[in-house]
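Everything on this sheet refers to the single structure shown next.
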Amino acid sequence: MTTHTDPLVSTDWLAARLGDPTVKIIDASFKMPGVLPLPADDYLAAHIPGAVFFDVDAVSDHSSSLPHMYPSADQFARDVEALGISSGDTVVAYDAGGWVAAPRAWWMFLSFGHADIRILDGGLKKWVAEGRPTEAGKPTITPGRFSAKLNASFIRSRDQLVANLDSGAEQVIDARAAPRFEGSVAEPRPGLRAGHIPGSRNLPYNELFDAATGTMKPLADLRQAFERAGLDLGRPVVTSCGSGVSAAVLTLALYRLGVRGSALYDGSWSEWGLQDGPPVATGPAA
């Protein structure tokens, strides 16, 4: 895979472009509710020079009771402009190095028509481990000019996945840890049922990156991981997780393997697992 088609960029690549006014860096770090310090506070303490904070919870549909659902195209454009990003910029997303939310930001930019979006391989973890510079506090931002149009094929709704229970047209793969997928532990978000979407497969997102370095595993390892999970890479795939964030790690890995046309279930288990939700399966993937 060439660098042009691979969304991942190296720390060397980014270090060579620090200060380039057409390269905009976003820190998209994310944590589960209640985990402190908050990602925004981590950002203020130390971030890659010039980076702005992309708040996954803020860049979302605030009228929804579900966590960080996709905003409208107009809101996405306004929020991105407020971060100083314009449509002609190269955007580089990173997170703390645990491959959680940078892929979600990447997929959102792609969904809203911005193709020039990359992800820093290894994130802040690798950057700091290499002794590269960081800065603290909030940068001064000059608003950008950004146009956005949602390509609805990038995401799936609950109704679409309910219909898929009968048709089986799309494979569904869940990025949550196996005990959550199997329903053997309670969900971290209160009030949700335990288990998974019937017929879905399971591939915990953290199996796709090297915990020591924060970098994504080689393509051959990614392919083997999906095949072990029972996925046919030649058929359509929908990724899911707890709330539509870590699922994008699987989406990124699929994209790097050349899979196109995959989609992300935005509501994920935060929606499907509601008490009045659709059918739930438990135990290992059938």
Self-check item: Working for side chain to side chain contact (heavy atoms under 4.5 Å, CB included), residues Ile85 and Ile26
Solution: CA-CA 10 Å; Ile85 297 169; Ile26 60 173; 3.7 Å; yes
Quiz item: Would you say Ser268's side chain and Ser270's backbone share a donor-acceptor pair under 3.5 angstrom?
Solution: no
Quiz item: Without hydrogens or angle criteria, can the side chains of Gln160 and Asn164 be said to hold a donor-acceptor pair below 3.5 Å?
Solution: no
Exercise. Assess Arg104 against Trp106: is NZ or CZ under 6.0 Å from the centre of the six-membered ring, and within 45 degrees of the ring's axis?
Key: no
Self-check item: Check against side chain to side chain donor-acceptor pair (under 3.5 Å), Ser262 and Thr251
Solution: CA-CA 7 Å; Ser262 68; Thr251 304; 5.0 Å; no
Exercise. Return yes if some donor-acceptor pair links the side-chain N/O of Gln275 with the main-chain N/O of Gly191 below 3.5 Å, else return no.
Key: yes
Quiz item: Nearest heavy-atom pair of Val259 and Leu233: which atoms, and what distance?
Solution: CG2-O, 3.9 Å
Practice problem: Output yes when a side-chain donor or acceptor of Gln171 lies under 3.5 Å from a complementary backbone atom of Arg235, and no otherwise. | Solution: yes
Quiz item: What about Leu83 and Leu110, same hydrophobic cluster or not, with Ile/Leu/Val/Met/Phe/Trp/Tyr joined at side-chain heavy-atom distances under 4.5 Å?
Solution: yes
Quiz prompt | Modelled atom types, side-chain donor and acceptor of Thr239 and Tyr265, under 3.5 Å | solution = no
Only distances under 3.5 Å count here; give the side-chain donor-acceptor pairs of residues 135-142 to other protein atoms, sequence neighbours excluded, each with its distance to 0.1 Å.
unit_1	atom_1	unit_2	atom_2	d
Glu135	OE2	His47	NE2	3.4
Glu135	OE2	Gly50	N	2.8

Quiz item: For Phe181 and Ser200, what are the C-alpha separation, side-chain angles and deciding distance, and is it a side chain to side chain contact (heavy atoms under 4.5 Å, CB included)?
Solution: CA-CA 9 Å; Phe181 177 86; Ser200 59; 3.4 Å; yes
Practice problem: Assess the pair Phe154 and Trp107: is the distance between their ring centroids shorter than 6.0 Å? | Solution: yes
Quiz item: How far apart are the closest heavy atoms of Cys241 and Ala247, and which atoms are they?
Solution: SG-N, 3.2 Å
Contacts under 3.5 angstrom, residues 28-38 side chains, donor-acceptor by atom type, not counting sequence neighbours:
unit_1	atom_1	unit_2	atom_2	d
Ser29	OG	Asp27	OD1	2.8
Ser29	OG	Ala96	N	3.0
Lys31	NZ	Pro37	O	2.6
Lys31	NZ	Asp42	OD2	2.7

Practice problem: Give a yes or no answer on whether the side chain of Asp174 reaches the backbone of Asn202 with a donor-acceptor pair at less than 3.5 Å. | Solution: no
Practice problem: Start with the C-alpha distance between Asp159 and Ser157, add both sets of side-chain angles, then the distance that settles side chain to side chain donor-acceptor pair (under 3.5 Å), and finish with yes or no. | Solution: CA-CA 5 Å; Asp159 288 348; Ser157 67; 5.3 Å; no
Quiz item: Going by the angle between their ring planes, with limits at 30° and 60°, are Phe109 and Phe54 parallel, tilted or perpendicular?
Solution: tilted
Quiz item: Does a donor on one side chain and an acceptor on the other come within less than 3.5 Å for Asn151 and Ser153?
Solution: yes
Quiz item: Got a donor-acceptor contact below 3.5 angstrom from the Ser86 side chain to the Gly144 backbone?
Solution: no
Quiz item: Between Thr22 and Asp20, does any side-chain donor sit less than 3.5 Å from a side-chain acceptor?
Solution: yes
Quiz item: Going hydrophobic residue to hydrophobic residue with side-chain gaps under 4.5 angstrom, can you get from Val59 over to Leu66?
Solution: no
Quiz prompt | Criterion side chain to side chain donor-acceptor pair (under 3.5 Å) on Ser10 and Asp121, from CA distance to verdict | solution = CA-CA 6 Å; Ser10 68; Asp121 195 16; over 6 Å; no
Quiz item: Is the closest side-chain donor-acceptor distance between Arg189 and Ser243 under 3.5 Å?
Solution: yes
Self-check item: Expected output: side-chain Gln75 to main-chain Ser60 donor-acceptor under 3.5 Å
Solution: yes
Quiz item: In terms of side-chain geometry, is the basic nitrogen of Asp12 or Arg132 positioned less than 4.0 Å from the acidic oxygen of its partner?
Solution: yes
Quiz item: Could you go step by step and tell me if Thr213 and Thr215 meet the side chain to side chain donor-acceptor pair (under 3.5 Å) rule?
Solution: CA-CA 5 Å; Thr213 63; Thr215 56; 2.7 Å; yes
Quiz item: Side-chain heavy atoms under 4.5 angstrom apart, residues restricted to Ile, Leu, Val, Met, Phe, Trp, Tyr: same cluster for Val80 and Ile119?
Solution: yes
Quiz item: How about Pro278 and Arg158: do any of their side-chain heavy atoms sit closer than 4.5 Å?
Solution: yes
Quiz item: If you draw the axis of the six-membered ring of Tyr255, does the NZ or CZ of Arg260 fall within 45° of it and under 6.0 Å from the ring centre?
Solution: yes
Quiz item: What do the steps show when you test Val91 against Val23 for side chain to side chain contact (heavy atoms under 4.5 Å, CB included), and what is the final call?
Solution: CA-CA 6 Å; Val91 182; Val23 176; over 6 Å; no
Practice problem: Measure from the side-chain N and O atoms of Arg201 to the backbone N and O of Ala229, and report whether any donor-acceptor pair falls under 3.5 Å. | Solution: yes
Quiz item: Does Met69 belong to the same Ile/Leu/Val/Met/Phe/Trp/Tyr cluster as Leu150, with side-chain heavy atoms less than 4.5 Å apart forming each link?
Solution: no
Exercise. Report whether Leu264 and Val238 are members of the same hydrophobic cluster (ILVMFWY, side-chain heavy atoms less than 4.5 Å apart, transitive linking).
Key: no
Self-check item: Reported CG-to-CD distance for the pair Leu203 and Glu227, which is rounded to 0.5 angstrom
Solution: 11.5 Å
Practice problem: Using modelled atom types only, decide if a donor and an acceptor are shared between the side chain of Lys217 and the backbone of Glu207 within a distance under 3.5 Å. | Solution: yes
Quiz prompt | Side-chain donor or acceptor of Thr134 paired with backbone N/O of Ala46 under 3.5 Å | solution = no
Practice problem: Would you mind telling me which of His196, Glu187, Glu182 makes a side-chain hydrogen bond (donor to acceptor under 3.5 Å, both in side chains) with Arg176? | Solution: Glu187
Exercise. Using the side chain to side chain contact (heavy atoms under 4.5 Å, CB included) rule, take Phe146 and Phe76 through it: C-alpha gap first, then chi angles, then the decisive distance, then the call.
Key: CA-CA 9 Å; Phe146 193 90; Phe76 186 79; 3.9 Å; yes
Quiz item: Short question: side chain of Trp127, backbone of Leu120 - any donor-acceptor pair under 3.5 Å?
Solution: no
